[in-house]
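Structure first, commentary second.
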Amino acid sequence: MLPFTEPASVAEAELIQDSLRSRLVIPASAVELPRTVVGLDVTYGEPSVAAAVVVEVATLEVVEVATFAGEARFPYVPGLLAFREVPLLLAAIERLSTPPSLLICDGYGLAHPRRFGLACHLGVLLDLPSYGVAKTAFVGSSDPPGPARGDAADLVDAGEIVGRVVRTQSGVKPVYVSAGHRIGLDDCSDLTLRLSGRYRIPEPTRQADILSRSVLRSL
DNA sequence: GCGACAG
DNA sequence: ATCTTGTCGC
């Protein structure tokens, strides 16, 4: 795995993204789906808490969890979220007993100003398939997806399809899916729907959100 | 130039 | 993200 580099400035952070982006691999065809996936999230506080939750794809059951509490070292800057979250998330992932097979992040992958969001960053550093599921818009635009679960619309930025707006529950606000590394957009969308039981947010990141919040409360 | 801007 | 209760509705 590649080491995380802590940038000393916004300009340096952008250079790091441009450099790591050259290692991105996005396959054109479907990849084999793993038996389990890892949902990731960070809740901010003092300290902040990162959570990694392993979920079995077939049953949506939680198989293992790990957390890490520490200070976020980089400020929140739109487009540079990874520098705030990656160190904490890597520490949580390292505490899992089983090696992760696919990462699902709370945020964006390729749908990013420099095409290198959080999901790309984690995927490249760990050389693992990864993608992002965000709750609100960031870059690009789309037609509104149809009203039924499974309806979706391309997310387009600068004439490029960078992600997909996916309705995971009928009549509920859609989520924003974008590929991170070593997985194509179709697979990301399919997996997101498969992992969304009765909630808007797919189970892995939903559980990571719940866990990181509860751990922070208990500190 | 102005506003918007993942978490 | 977070500060924060009740409330409307399926």
Side-chain angles (χ1 to χ4, degrees), chain A residues 4 7 10 13-14 16-17 20-21 24 39-53 67-93 103-124 130-142 147-149 155-158 160 162-181 185 188 192 197-202 204-219:
Chain A
F4 171 75
V10 164
E14 291 175 347
I16 291 170
Q17 290 180 329
L20 289 176
R21 196 181 53 228
L24 267 187
L40 303 167
D41 193 23
V42 175
T43 294
Y44 294 99
E46 290 184 349
S48 296
V49 177
V53 176
T67 62
F68 178 84
E71 300 299 332
R73 309 245 322 167
F74 199 82
Y76 172 69
V77 179
L80 302 180
L81 176 65
F83 295 98
R84 189 163 170 74
E85 298 206 343
V86 164
L88 301 172
L89 291 171
L90 286 176
I93 292 168
L103 309 176
I104 303 178
C105 304
D106 185 351
Y108 283 91
L110 285 175
H112 176 275
R114 281 169 302 283
R115 304 288 179 266
F116 201 76
L118 171 63
C120 302
H121 207 128
L122 271 180
V124 164
S130 66
Y131 73 95
V133 179
K135 298 179 290 297
T136 61
F138 185 33
V139 296
S141 58
S142 77
R149 168 178 161 86
L155 183 60
V156 177
D157 183 48
E160 205 176 343
V162 294
R164 194 169 292 163
V165 183
V166 178
R167 189 92 60 188
T168 53
Q169 296 298 325
S170 295
V172 172
K173 190 175 17 156
V175 297
Y176 301 76
V177 176
S178 55
H181 185 51
L185 184 53
C188 297
T192 297
R198 61 170 292 243
Y199 300 97
R200 177 169 86 113
I201 305 302
T205 44
R206 197 180 80 87
Q207 291 298 334
D209 178 78
I210 293 170
L211 177 61
S212 58
R213 283 179 201 276
S214 75
V215 169
L216 176 59
R217 274 191 304 109
S218 72
L219 292 179

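By convention in this document, chain letters (A, B, ...) are assigned in the order of the sequence lines, proteins followed by strands, and residues within each chain are numbered from 1.
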| query | A/Gln169 CD to C/dC10 C1': how many Å, rounded? | reply | 14 Å

| Given pairs defined as Watson-Crick or G-U wobble with both distances under 3.5 Å, what dot-bracket annotation applies to DNA chain B, with ( ) intrastrand, [ ] crossing, | other strand and . unpaired? | .......

| request: Pick base, sugar-phosphate or nothing for A/Thr43, based on heavy-atom distances below 4.0 Å to the nucleic acid. | output: sugar-phosphate

| message | Could you check whether any side-chain N or O of A/Arg206 sits under 3.5 Å from a backbone N or O of A/Tyr199, counting only pairs where one atom can act as donor and the other as acceptor? | response | no

| Sidechain-backbone polar pair: A/Arg167 side chain, A/Val172 backbone, donor-acceptor under 3.5 Å | yes

| Hey, is the main chain of A/Ser170 close enough, under 3.5 Å, to the side chain of A/Arg149 for a donor-acceptor pair? | no

| request: Determine whether more than 12 heavy atoms belonging to other residues, nucleotides or ligands lie under 6.0 Å from atom CD of A/Glu46. | output: no

| Euclidean distance, A/Leu89 CG relative to A/Phe4 CZ, rounded to 0.5 Å | 10.5 Å

| request: Give the rounded distance in Å between these two atoms: CD of A/Glu46 and C1' of C/dT2. | output: 12 Å

| task | Let me have a per-nucleotide readout for nucleotides 2-7 of chain B, 5' to 3', with B, S or -, counting only protein heavy atoms under 4.0 Å. | result | ---BBB

| Nucleotide pairing, DNA chain C (Watson-Crick or G-U, distances under 3.5 Å), in dot-bracket with [ ] and | | ..........

| Which atom pair, heavy atoms only, marks the closest approach of A/Val42 to A/Ser212? | C-OG, 4.3 Å

| task | Please answer whether the main-chain N or O of A/His121 pairs with a side-chain N or O of A/His181 as donor and acceptor at a distance below 3.5 Å. | result | no

| query | What are the two closest non-hydrogen atoms of A/Ala52 and A/Leu40, and how far apart are they? | reply | CB-CD2, 3.6 Å

| request: Find out whether A/Cys120 and A/Leu110 are in side-chain contact, i.e. whether some heavy atom of one side chain is under 4.5 Å from a heavy atom of the other. | output: yes

| field | Nearest-Å distance for atom pair CZ/P, residues A/Arg217 and C/dC3 | value | 12 Å

| request: May I ask you to decide if A/Leu103's main-chain N or O and A/Ser130's side chain share a donor-acceptor pair within less than 3.5 Å? | output: no

